[in-house]
Amino acid sequence: MALRTKYIRLFYLSLLAFLFFSWQPSSSTEDTSKVGSEEVNVLEDAIGRELTKAGDIVVSDIKLLEALNWKGWFTLALLALTILALILEVRPPDITMLFSTGILVVFGILPPAKFLDGFSHDIIMTIAMLCIVVRTIEIHGLLEVLAKGVLSTSENIYKQLVSLMVPVAAASAFLNNTPIVLLMTPLVRRWALKNRSYPSKFLIPLSYAAILGGMCTIIGTSTNLVIEGLLREEAPNASLGFFELSYIGIPCGLAGLAYILFIGRHLTPERKDPLSAAEEDAREFTVEFYVNHDCPLAHKSIATASGKHFRNELLVQIERGEVVIDAPSQEERILPKDRLVFAGDINHIAELHAIKGLQSLADPHFKLDASSSHFSEIVISSTSLMIGKTLRELDFRAQYGASVLAVYREGDRVEGHVADIELQSGDTLMLISSEEWHGGDYYTKDYYCIRNNQKLQVFHPWRVGFIVAVLIAMVTAATMGISIMISSMAAVAVFTLTRMITIREAQNSIVWNVLLLIGCSFAFAKTMVITGVASTFAHIILSVIGTDPVHLIGGILLVAIISTELLSNNAAALILFPIAAQVAKLAGYDTPTALKTVGITIAVGCSCGFAMPTGYQTHMIVFGEGGYKFTDFFKVGVPMDIVIWSVGTLLIPLLWPL
């Protein structure tokens with residue numbers, strides 16, 4: 001796959017180079033006469049606070065590059081090397097940008113204060129706060145409940161795709177698309193197999209829908225937030241409304257959905273045999289409970305009890321004295337002293353521990369605090385003192401502070417009463433704890449910690465209702481003109497004070513590498529404007545696309561799409577925005593409205609990473625699960641890029657005239 005990645009990226013790089021350097025020297029044309037009036041080019045700060053006079057820039061195409069001083073040439077060379085490093089993935093994008101901006105600071109091209117300015121933008125805090133908001137929604141199981149409620153049971157492929165893509169796109173307009181796709185991928189896979197279909201027919205549309213939905217609001221993607229920050233600082237009158245991007249995002253989403261329904265679905269491959277894939281489903285946890293007399297499940301039918309306390313598919317067996325009832329019907333009543341056998345994933349099983357009077361046979365005295373439950377996984381070491389002993393003998397919960405949910409040996413669950421299993425070297429123990437478990441925070445010879453303190457998704461309607469109310473209030477405040485940073489900080493404060501999310505969980509939810517990438521990219525963009533590199537590229541692009549509004553928007557959008565396929569979306573946006581802003585000014589469109597049009601064009605173009613699985617992180621999530629090849633994305637994604645480019649080129653000049 002790596003070789004194919006490089007070849008396709010080389011194709012995009014060649015196409016981008018052709019667009020930049022296919023210009024022809026010209027003497028006296030209408031376009032150059034308009035540009036010629038800008039003989040003294042006032043170079044603005046990349047974000048627009050300061051104006052720096054860069055001297056006389058000779059507008060003649062032949063002498064254009066000669067106008068750059070050594071700082072400009074150095075920045076231009078470093079830009080080329082940085083782009084090459086990003087394309088070849090020599091290092092992660094955030095590290096590459098940090099290294100490049102560090103070089104600019106060391107050589108005195110970028111003042112240290114300007115470098116630090118990149119991290120002082122409110123966009124950095126806004127993205128951090130929104131990460132916490134999304135994580136709060138995720139750990140309380142809201143996304144999973146919604147996902148299971150919207151997927152169609154129809155065998156009609158059109159209804160199936162609509163039921164998948166429309167809700168995902170709608171959710172992605174308000175939430176980060178990565179957790180949405182992470183959650184939906186296994187659900188969509190099981191849903192497809194249940195319908196005797198191929199998961200690969202739905203997973204690429206899933207990833208595409210998440211990207212399309214992110215185009216519709218300011219908080220839909222971090223790229224939109226970056227562009228909003230750039231516009232607000234360049235010209236406050238050019239800032240975007242919360243739903244303003246919906247005017248172009250919704251048409252693009254509808255066009256993308258139509259493309260998938262009528263063309264794209266024929267291009268998506270059929271990978272893996274559903275029958276063989278069904279055998280690869282993740283292991284289920286099996287747990288036994290004893291029904292006490294005070295249990296709310298007692299004397300209720302399974303249909304009644306499952307509607308309020310648990311999911312009906314979890315209960316697989318009832319043991320009543322000597323009688324064993326396998327796969328009990330919905331009319332079967334649960335009686336006191338029954339032994340109930342449940343099977344399901346870790347999150348659903350965890351909820352059962354919170355039911356009063358339902359006593360776990362593995363750990364009878366363990367009670368779950370649903371608001372702060374955690375899941376961990378450890379492996380018994382070869383030198384462990386636990387070997388040869390049972391959990392009952394070890395008094396595991398008292399000694400280690402967590403309850404053992406299940407024991408696995410060589411990949412299979414060990415049958416029998418968990419407390420009486422004699423532990424062996426290499427056994428995997430699934431742990432559940434009501435509070436954060438600290439057994440994985442320090443070194444011990446008894447076990448190795450594989451997963452430590454993963455928050456369980458325990459669904460409680462009143463908690464979810466409260467979270468949704470706070471989310472609605474946050475969005476409402478943002479639409480009324482309150483800063484997104486302030487509204488998101490208020491939401492996070494409410495969530496932490498009400499213990500909807502712990503401080504540690506909030507810290508772990510922030511995507512620090514994205515913040516580092518954005519901060520460094522801000523600084524690099526400043527340097528491009530200060531040194532005249534942005535103006536130089538602007539002259540070249542303008543020589544190719546001309547000053548006609550449709551051609552101008554179409555050209556900028558095409559460059560943005562190609563750059564996004566090569567780079568990360570945030571890096572592409574921050575590098576291209578100052579160049580595109582200069583293009584508009586040189587073409588005679590020097591107003592806040594024109595600047596907003598440019599920003600919207602960049603935002604749309606930098607959301608179009610459809611043609612490469614490495615171009616967007618949601619693609620990599622579905623890549624393995626769908627059994628895709630690298631060329632599958634190229635085959636389906638290139639037409640999608642063309643669709644979005646066509647819609648954007650047509651509508652953006654009409655909706656936001658230059």
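Numbering starts at 1 and runs along the sequence shown.
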Nearest heavy atoms of Asn292 and Ala298, plus distance in Å = O-CB, 4.4 Å
Side-chain heavy atoms of Val492 within contact of Val133, under 4.5 Å = yes
Which value, rounded to the nearest 0.5 Å, describes the distance between Cys131 atom SG and Gln507 atom CD?
-> 13.5 Å
Least distance between heavy atoms, Lys300 atom then Ala305 atom | CB-CB, 4.4 Å
Which residue, Ile211, Ile204, Ile260, forms the side chain to side chain contact (heavy atoms under 4.5 Å, CB included) with Met640?
-> Ile260
How would you list, by chain and number, every residue that makes a side-chain contact (heavy atoms from CB on, under 4.5 Å) with Ile387, sequence neighbours excluded?
-> Ile380, Ser384, Ser425
Any donor and acceptor pair, going by atom type alone, linking the side chain of Asn156 with main-chain N or O of Tyr158 inside 3.5 Å?
-> yes
Ala477 and Ser487 have their tightest heavy-atom pair at CB-CB, 4.1 Å
With sequence neighbours left out, what residues match Glu393 under salt bridge (charged side-chain N to carboxylate O under 4.0 Å, His left out)?
-> none
Considering non-hydrogen atoms only, spot the tightest contact between Gly357 and Asp294 and give its length.
-> CA-OD1, 3.6 Å
Check ring pair (Phe, Tyr, Trp, His ring centres under 6.0 Å) between Tyr208 and all other residues, then give those that pass, not counting sequence neighbours.
-> Phe610, His619
dist Ile127:CD1 -> Ile510:CD1 (nearest 0.5 Å) comes out at 11.0 Å
Identify, with sequence neighbours excluded, every residue that meets ring pair (Phe, Tyr, Trp, His ring centres under 6.0 Å) alongside Tyr259.
-> none
Run the numbers on Leu130 and Met474 for side chain to side chain contact (heavy atoms under 4.5 Å, CB included), then give the verdict.
-> CA-CA 10 Å; Leu130 290 176; Met474 183 190 76; 4.1 Å; yes
Leu261 backbone acceptor or donor facing Arg265 side chain under 3.5 Å | yes
Do Val475 and Phe174 have side chains that get closer than 4.5 Å, going by heavy atoms?
-> yes
Step by step, work out the side chain to side chain contact (heavy atoms under 4.5 Å, CB included) result for Ile302 and Ser329.
-> CA-CA 7 Å; Ile302 293 176; Ser329 67; over 6 Å; no
Any side-chain heavy atom of Phe396 within less than 4.5 Å of one from Leu431?
-> yes
Donor-acceptor pair, Thr428 side chain versus Val379 backbone, under 3.5 Å?
-> no
Mind checking the OH-SG spacing from Tyr290 to Cys295? Nearest 0.5 Å is all I need.
-> 11.0 Å
What's the verdict on side chain to side chain contact (heavy atoms under 4.5 Å, CB included) for Thr476 and Ile472, showing C-alpha distance, side-chain angles and the deciding distance?
-> CA-CA 6 Å; Thr476 302; Ile472 292 174; 3.9 Å; yes
Side-chain heavy-atom pair Thr136, Val470 within 4.5 angstrom cut-off = no
Just wondering, do Leu429 and Leu423 contact through their side chains at under 4.5 Å, heavy atoms?
-> yes
Does Lys201 reach the main-chain N or O of Thr268 with its side chain, forming a donor-acceptor pair under 3.5 Å?
-> yes
CA sep, side-chain torsions, deciding dist, call: Val181, Leu206, side chain to side chain contact (heavy atoms under 4.5 Å, CB included) = CA-CA 7 Å; Val181 175; Leu206 165 65; 4.2 Å; yes
So, the side chain of Thr221 versus the backbone of Asn224: is there a donor-acceptor pair under 3.5 Å, distance only?
-> yes
How about Ile501 and Thr496: do any of their side-chain heavy atoms sit closer than 4.5 Å?
-> yes
Any donor-acceptor pair under 3.5 Å linking the side chain of Thr217 with the backbone of Ala173?
-> yes
Verify, without hydrogens or angle tests, whether Tyr198 (side chain) and Pro269 (backbone) share a donor-acceptor contact under 3.5 angstrom.
-> no
If a pair satisfies side chain to side chain donor-acceptor pair (under 3.5 Å) and one of its residues is in residues 159-171, list it, with sequence neighbours excluded.
-> none
Here the gap from Trp191 atom CH2 to Met184 atom CE, rounded to the nearest 0.5 Å, amounts to 8.0 Å
When rounded to the nearest 0.5 angstrom, what distance separates OG in Ser172 from CE in Met165?
-> 10.5 Å
When rounded to the nearest 0.5 angstrom, what is the spacing between CG in Asp338 and CD1 in Ile325?
-> 7.0 Å
So, for Pro639 and Phe634, which heavy atoms are closest and what is the spacing to 0.1 Å?
-> CD-O, 4.3 Å
What residues, two or more places apart in sequence or in another chain, satisfy salt bridge (charged side-chain N to carboxylate O under 4.0 Å, His left out) together with Glu422?
-> none
Going by heavy atoms in the side chains, are Arg339 and Phe289 under 4.5 Å from each other?
-> no
State, with a plain yes or no, whether a side-chain heavy atom of Lys337 is found less than 4.5 Å away from one of Arg320.
-> no
Shortest non-hydrogen separation from Ala210 to Val168 and the atoms involved = N-CG1, 3.8 Å
